[in-house]
Amino acid sequence: SIGYAGELDEVEFDDGISQIFDAGGSSESSNRRVVLCGSGALKGINKFIKAKYELRDTTQGAGSLEKYGPVTTAIRRPKIMTYFHAQGELDLVWEPQLKNRYTNSMLVIDPSNVKRRYMADEPDKGPRKYRREMGIETPGADSYDAQYLFDIGLQIRLEETMGWFHKQ
């Protein structure tokens with residue numbers, strides 16, 4: 001966990017990311033991180049990135065920019081911006097669940113150390129990786145339907161390659 005005080009600026013951001021890269025300096029670590037940002041942290045990042053970079057929205061025609069700056073907060077059209085740090089590349093992504101007291105926080109993830117793990121099979125119903133269940137009653141519609149179930153968990157390997165970056 002790495003904290004910063006006051007407004008997030010480029011020096012604090014780069015120093016915090018450097019600490020996360022240094023802590024996870026394993027041979028099994030990649031030089032790429034995904035940074036899930038709350039809205040407050042994203043606003044701070046936008047302040048120092050806007051002067052250097054721009055992300056063009058090619059879906060709106062040539063020359064138009066995203067209304068929120070370099071990284072969009074549109075839920076239906078998420079965009080990822082790559083930030084080039086001295087120790088690796090960061091994919092900056094807005095995470096809408098980081099809100100309220102977590103709005104100024106960032107979760108830094110090394111995707112090479114996150115693996116999908118499926119839940120164990122149920123003896124009476126079968127696999128939980130993927131299962132189709134028929135004849136499920138739909139409340140209020142007086143009908144029966146089918147449903148597909150997927151139970152997936154995440155296994156985090158080498159926690160030291162990841163970090164929590166937040167406002168103190």
Side-chain angles (χ1 to χ4, degrees), residues 1-119 129-130 150-168:
S1 175
I2 299 165
Y4 65 93
E7 291 291 316
L8 181 63
D9 62 17
E10 188 171 8
V11 173
E12 282 183 313
F13 182 73
D14 282 343
D15 287 348
I17 296 299
S18 290
Q19 289 179 43
I20 292 169
F21 272 112
D22 290 344
S26 166
S27 62
E28 294 184 50
S29 175
S30 72
N31 69 337
R32 185 171 209 91
R33 299 289 187 275
V34 175
V35 183
L36 303 174
C37 306
S39 295
L42 197 57
K43 286 179 186 177
I45 292 169
N46 274 339
K47 285 179 186 175
F48 62 83
I49 286 181
K50 274 190 199 182
K52 297 180 183 180
Y53 307 98
E54 71 180 14
L55 177 68
R56 296 201 180 272
D57 181 4
T58 56
T59 63
Q60 298 297 318
S64 65
L65 296 173
E66 280 295 323
K67 70 176 189 172
Y68 194 77
V71 184
T72 183
T73 59
I75 293 172
R76 290 184 183 88
R77 295 185 320 133
K79 296 246 188 317
I80 298 174
M81 181 191 163
T82 301
Y83 180 87
F84 296 99
H85 184 272
Q87 291 175 275
E89 296 177 14
L90 306 174
D91 292 329
L92 303 176
V93 182
W94 175 61
E95 176 50 63
Q97 294 190 26
L98 291 175
K99 57 186 175 186
N100 301 327
R101 67 183 246 196
Y102 299 109
T103 189
N104 293 304
S105 300
M106 294 166 274
L107 182 59
V108 183
I109 298 170
D110 180 359
S112 66
N113 286 314
V114 177
K115 306 289 182 197
R116 284 185 287 177
R117 293 289 180 236
Y118 297 102
M119 306 296 283
K129 177 178 177 182
Y130 168 84
F150 301 87
D151 285 337
I152 298 176
L154 296 176
Q155 175 188 1
I156 308 247
R157 297 177 47 245
L158 300 173
E159 287 181 40
E160 63 272 10
T161 64
M162 303 176 207
W164 181 248
F165 197 15
H166 60 92
K167 186 173 186 175
Q168 294 175 331

Checking Thr161, Leu90, Asp110 against Phe21 for side chain to side chain contact (heavy atoms under 4.5 Å, CB included), the one that qualifies is Leu90
CE of Met162 to CD of Glu160, rounded to nearest 0.5 Å, is 8.5 Å
Yes or no on side-chain contact (heavy atoms from CB on, under 4.5 Å) for Arg33 and Ile17, after CA distance, side-chain angles and deciding distance? CA-CA 10 Å; Arg33 299 289 187 275; Ile17 296 299; over 6 Å; no
Those residues at least two apart in sequence (or on a different chain) that pass side-chain contact (heavy atoms from CB on, under 4.5 Å) with Ile2 are Gln19, Ile20, Phe165
Leu8 versus Asn104: any side-chain heavy-atom pair under 4.5 Å? no
Residues at least two apart in sequence or cross-chain that pass side-chain hydrogen bond (donor to acceptor under 3.5 Å, both in side chains) with Ser18, listed by chain then number, are His85, Gln87
The side-chain contact (heavy atoms from CB on, under 4.5 Å) partners of Asp9 (sequence neighbours excluded) come to Val11, Glu12
Across all chains, not counting sequence neighbours, the side-chain contact (heavy atoms from CB on, under 4.5 Å) partners of Glu89 are Arg32, Thr82, Phe84
Hits for ring pair (Phe, Tyr, Trp, His ring centres under 6.0 Å) against Phe13, two or more places apart or cross-chain, chain-then-number order -> Phe48, Tyr83
Correct closest heavy-atom pair for Ala41 and Met106 would be CB-CG, 3.7 Å
With sequence neighbours left out, the residues meeting side-chain hydrogen bond (donor to acceptor under 3.5 Å, both in side chains) with Glu159 are none
Output for pair (Cys37 SG, Lys43 NZ), nearest 0.5 Å, gives 13.5 Å
request  = Applying side-chain contact (heavy atoms from CB on, under 4.5 Å), run through Glu95 and Leu107 and close with a yes or a no.
outcome  = CA-CA 9 Å; Glu95 176 50 63; Leu107 182 59; over 6 Å; no
